[in-house]
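Indexing begins at 1, ligand by ligand and atom by atom, following the structure's order.
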Amino acid sequence: MNADFSHRLCVAPMLDWTDRHCRAFLRVLAPRARLYTEMVVAQAILHGDRKRLLDYHPSEHPLALQFGGSDPAVLAAACEAASAWQYDEYNLNLGCPSDRVQSGLFGAVLMKMPQRVAGCLKAMQAVSPVPVTAKIRIGVDELDSEAWLEDFVALLAESGVRTVIVHARKAWLKGLSPKENREVPPLEYERVERLQQHFPDLHFVLNGGIDNRAQANAWLGRFPGIMLGRAAYHNPWLLRQLHADLWPAIPLPASRKQAVEQFLPYVEAHCAAGAGLQHITRHMLGLFQGLPGARQWRRMLTEQARATGAGPELLLQAMQQVDETEEGACHVHHA
Ligand SMILES: Cc1cc2nc3c(=O)[nH]c(=O)nc-3n(C[C@H](O)[C@H](O)[C@H](O)COP(=O)(O)O)c2cc1C
């Protein structure tokens, strides 16, 4: 598999989680990973506070902006409005099952309207200087046969999409909460493999349930790219390990503590601008997962980051609580 493919290692779009601070932090751990924004509703870009919705730190490249929307004209206008921000990719969310999202006609419910999806993607493509990609499920409600999925993906290809991210489970729009929709429908990786065989000219990025190094590396041998969501968020060091496996020549933080140190200038700038430390630290709680002192690290950050005047020094104090040299012992212990 091509190590230079742009989507070799991706971090999933996650509402309320992968905001700009989260992404800036993950960037320190994985300089070449492709990051995705939270879903941004196209209509909001047209009528809302664009700076708040679209601003990001230059270090976040390569960075994809994920849209929620179902109106070709609105999506195209949103792509144009976002162009000044110079994202590296626009992605259309066709996989999110939430009620709120359904009522606005975004996400997985759109997989029931393939012609509409094609119209959206073509309209986005027509105005976008960067690639337009789609994030899908393997099925939605009763629409989940192999033939139906192939037809759907063929339509994506006809619309000009070359890279398709597939969350390898179907979505049940009635009766399951969004959280259950990420856990209950079974993962069917083999169906995504068959898609890749069926459409050799497309690049499929495998998503869903990838949560450890061995498994991720095995999938990297069979797919052009993988996308990690929850595991990357809860155990960000995993991203650093996968990055080391993929691109051994690229320098990375040698330890978790070094990653914190490398991130301090970003934290300092944020706090100097008067913003709350907790907005950043809430995304760093999982960094020392599995190590002695990890609980104290989490507790200090959660309890003290909100205090007036809390700044980067809290991170340095909190990481004193962790013994990173114990990693080997701890790893064996958990195995
Ligand atoms: C808190 C949370 C928010 C999410 N928000 C989005 C979103 O905005 N857009 C989207 O396409 N998927 C969203 N997802 C789904 C993820 O992108 C991903 O497809 C899913 O979590 C499966 O991958 P994982 O098993 O590696 O976490 C969200 C998932 C979580 C846990």
Between [X] and [Y], does any side-chain donor sit less than 3.5 Å from a side-chain acceptor?
X	Y	answer
W172	D141	no
Y56	H61	yes
R169	H167	yes
T133	E89	yes

Going by ring pair (Phe, Tyr, Trp, His ring centres under 6.0 Å), name the residues that satisfy it together with Y233, two or more places apart in sequence or in a different chain. W17, H283

Option set [options], criterion heavy-atom distance to [atom], minimum:
atom	options	value
atom 11 (O) of ligand 1	E183, Q66, R230	Q66
atom 10 (C) of ligand 1	R182, M227, K135	K135
atom 6 (C) of ligand 1	A12, C10, A108, P13	P13

Protein heavy atom at shortest distance from [atom]:
atom	result
atom 2 (C) of ligand 1	M14 CB, 3.8 Å
atom 3 (C) of ligand 1	L15 N, 3.2 Å
atom 26 (O) of ligand 1	G229 N, 2.8 Å

Hey, does N207 come in under 3.5 Å of ligand 1, counting only N/O atoms on both sides? yes

Before we go on, tell me: are the rings of W219 and Y189 under 6.0 Å apart, centre to centre? yes

